[in-house]
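For the single chain, residues carry numbers from 1 onward in sequence order.
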Amino acid sequence: MFPTVADVLAMPELRQGDPEVVAAAEAVTRRVRWVHCVELPEVAPLLRGSELVLATGIALPADAAGLDRYVRELSRAGAAGLVVELGRRWTAELPGSLVSACEREKLPLAVLHREVRFVSVTQAVGEQVVDAQVLELRAAGQIHDAFTALSMAEAGPADILAEAARLAGCPVVLESFHHQILGYHTGGRPASDLLHDWEDRSRRIRIGERTGYDHRAGWLVTVVGSRGDDWGRLVLVTPQPPPHRHLVLVERAAAALALHRLHARHRDGVERQAHHALLTALRDRPVDDELIGRCAEAGVPLTGRALLGLAARPVVQRRRRTYVAADALTALADSLVVTLRQRGVPALVAVESDDVVALLAPPAGADTDALLAAVAAGTGSPGETVLAVGETVGRPRDAGRSLAEARHVAASLRPDGPARPHHRLADVHLRGLLHLLSGDDRVTRFVQREIGALLDHDAGHGTALYEVLRAVLATGDKTAAAAALHISRPVLYDRIARVERILGRDLSDPATRTSLHVAVLAHGTPPGR
């Protein structure tokens with residue numbers, strides 16, 4: 001930590017000169033990187049910034065304009081302050097123009113009423129600066145060693161944040177680019193105080209560079225990410241301007257967090273590939289001792305376990321059909337893995353086509369309903385995620401059947417069906433049977449016989465009479481059908497009559513309605529996978 005202007009003025013070497021701050025007293029907290037003794041009026045080109053300039057004034061300009069220009073150039077060069085000794089140029093006091101110029105530029109100006117040895121001041125400040133630099137280097141080395149050890153141990157975000165808070169003595173918060181909190185360590189402060197109204201406060205912080213300090217909020221912020229894939233921000237909450245070692249710390253902690261995420265992605269990617277191969281084998285080939293052993297080596301024992309197939313998919317509703325949000329499958333798989341690991345449940349998890357497929361292997365006798373409730377809570381609300389479950393089995397050779405049932409249930413669910421935490425085979429009824437038969441040519445011919453004329457009419461005339469038929473059959477009530485289609489009842493009656501003419505069928509006949517409803521369900525069922 002470099003000394004401030006006030007610290008330098010309080011040193012014995014300067015204190016014997018009876019220093020007095022006569023301008024910009026509020027700025028004496030500026031840090032002093034070095035002390036420079038120079039009498040030249042064109043001193044600015046010799047400065048690098050944060051120097052405290054010592055002078056007797058013997059060569060400074062005599063006119064107010066020249067003194068104003070001298071102070072302005074010092075300020076632009078980033079000087080920490082100016083100290084002028086009386087006795088050589090000015091004897092009683094400094095010129096008012098010099099004082100007013102320093103006040104205007106907020107450049108601390110101190111006058112020495114007695115003579116001092118400038119060389120002694122330079123030596124004393126230099127020693128203190130060097131000592132501070134040594135301390136900073138040692139602190140940076142300790143920070144590097146600490147986070148290198150954490151990275152080697154593959155420590156998670158919680159450990160990284162805890163170490164950052166310990167080394168800094170300040171709270172730290174990891175947030176996403178959407179200002180959602182991903183993790184934090186309070187550093188001894190109440191969490192309610194640290195996190196209160198976090199999102200709104202965070203949105204007001206704009207850092208122009210990758211790392212920066214916001215003086216108003218007292219936040220030291222750095223971007224977290226790697227290889228152009230930035231995904232969050234790390235915030236060190238420090239009301240006082242941070243020393244250099246805190247910049248080193250927050251950037252090193254951010255690098256450790258980014259490295260952990262890369263390792264986790266690589267590890268999970270390799271693991272998912274292995275799990276995909278095992279899940280495929282469990283479904284497609286007889287389960288023998290070799291396959292059971294491979295699953296056990298992957299951390300998922302199959303013997304003596306309650307095996308449960310599961311299929312999950314994130315969905316959005318669009319024009320009465322359900323589209324899988326493909327880019328969310330990986331995130332859903334991650335959430336499922338985290339939830340199962342937290343509950344200590346071994347599982348094979350992989351992404352297949354539109355689903356995240358998993359084989360759960362809790363201990364025999366485990367409360368599977370409680371486990372499924374935890375999985376549902378950890379993977380999203382029923383309106384955001386479809387969670388389908390196969391039958392719980394106790395033999396490894398039946399694991400493939402449970403997996404197939406789960407995918408069958410997921411594919412058979414209606415987009416507008418009831419939202420439940422999870423769905424089982426008993427929930428899909430006739431739709432499930434039609435899904436199993438969807439690849440059968442006889443079902444295709446049946447659909448064509450029952451509603452083919454109506455589909456052809458819509459295609460040729462640009463009408464939507466099939467939607468009218470579907471709404472009438474799905475609701476069983478004309479008032480509800482009219483409301484679902486956003487039309488009046490007289491208009492609905494007219495369109496029903498047109499449907500009946502095209503199909504040559506009477507929709508009031510129960511047998512006709514049943515046959516047409518099966519055809520509509522089969523037409524809306526995707527081909528089997």
Heavy atoms from other residues, nucleotides or ligands near CD of Glu290 exceed 12 (cutoff 6.0 Å)
yes
Within the structure provided, determine whether Glu51 and Val35 are in side-chain contact (heavy-atom separation under 4.5 Å).
no
Whether Asp230 and Arg210 form a salt bridge (side-chain N of Lys/Arg under 4.0 Å from carboxylate O of Asp/Glu) is what I want to check.
yes
First locate atom CG of Leu259, then atom CE of Met152, and finally report the distance between them rounded to the nearest 0.5 Å.
10.5 Å
I want to check something: taking the side chain as every heavy atom from C-beta on, are Leu9 and Val83 in contact at a cut-off of under 4.5 Å?
yes
Flag the pair Glu85 / Val116 as yes when at least one side-chain heavy-atom distance between them is below 4.5 Å, and no otherwise.
yes
With a sphere of 6.0 Å drawn around CZ of Arg216, does it hold more than 12 non-hydrogen atoms of other residues, nucleotides or ligands?
no
Between Arg272 and Asp334, is there a salt bridge with N-O shorter than 4.0 Å?
yes
Quick check: closest heavy atoms across Ala333 and Val351, and the distance to 0.1 Å?
CB-CG2, 4.1 Å
Check whether His276 reaches the backbone of Ala350 with its side chain - one donor and one acceptor, N or O, closer than 3.5 Å.
no
Return yes if some donor-acceptor pair links the side-chain N/O of Arg245 with the main-chain N/O of Pro242 below 3.5 Å, else return no.
no
Take atom CG of Asp197 as the centre, draw a 6.0 Å sphere, and report whether it contains more than 12 heavy atoms from other residues, nucleotides or ligands.
yes
Using a cut-off of 6.0 Å, state whether more than 12 heavy atoms not belonging to Arg189 lie near its atom CZ.
yes
Identify the residue among Thr211, Leu234, Val235 that makes a side chain to side chain contact (heavy atoms under 4.5 Å, CB included) with Leu220.
Thr211
Which heavy-atom pair separates Val389 from Val409 by the least distance, and what is that distance?
O-CG2, 4.3 Å
Salt bridge present between Arg283 and Glu352 (N-O < 4.0 angstrom)
yes
Do Arg117 and Glu13 meet the salt-bridge criterion of a basic N to acidic O distance under 4.0 Å?
no
Around atom OH of Tyr184, are there more than 12 heavy atoms from other residues, nucleotides or ligands closer than 6.0 Å?
no
CD (Glu26) with more than 12 external heavy atoms under 6.0 Å:
yes
State the CG-OG distance between Leu107 and Ser75, to the nearest 0.5 angstrom.
6.0 Å
Say whether, by atom type as modelled, one donor and one acceptor occur between the side chain of His185 and the main chain of Gly187 under 3.5 angstrom.
yes
What closest approach, in Å, do Leu371 and Pro362 show between heavy atoms, and which atom pair accounts for it?
CD2-CG, 4.0 Å
Can we say Arg204 and Glu199 salt-bridge, meaning some charged N sits less than 4.0 Å from an Asp/Glu carboxylate O?
no
OG1/Thr392 to CZ/Arg305 distance, rounded to the nearest 0.5 angstrom?
14.0 Å
Where is the tightest heavy-atom contact between Ile160 and Ala253, given as atom of each residue plus distance?
CG2-O, 3.8 Å
Min side-chain heavy-atom separation Trp219-Arg201 under 4.5 Å
yes
Where is the tightest heavy-atom contact between Ser402 and Leu307, given as atom of each residue plus distance?
OG-O, 4.4 Å
Just verifying a value: how many Å separate Leu182 CG and Leu161 CG, rounded to the nearest 0.5 Å?
9.5 Å
Salt bridge check, Arg76 against Glu105: does any charged N sit closer than 4.0 Å to a carboxylate O?
no
Do the side chains of Pro108 and Arg30 get nearer than 4.5 Å, heavy atoms only?
yes
Answer whether the closest heavy-atom distance between the side chains of Val129 and Pro3 falls below 4.5 Å.
yes
Could you tell me which non-hydrogen atom of Ala168 sits nearest to which non-hydrogen atom of Leu249, and how far apart they are?
N-CD1, 3.8 Å
Could you check whether any side-chain heavy atom of His423 comes within less than 4.5 Å of a side-chain heavy atom of Leu387, counting everything from C-beta outward?
no
Minimum side-chain heavy-atom gap Arg401-Val393 below 4.5 Å:
yes
Provide the full list of salt bridge (Lys or Arg N to Asp or Glu O under 4.0 Å) pairs with a residue in residues 172-186, sequence neighbours left out, each pair given once.
Glu175-Arg233
Will you find, in the side chains of Asp145 and Thr148, an N or O donor that is under 3.5 Å from an N or O acceptor?
no
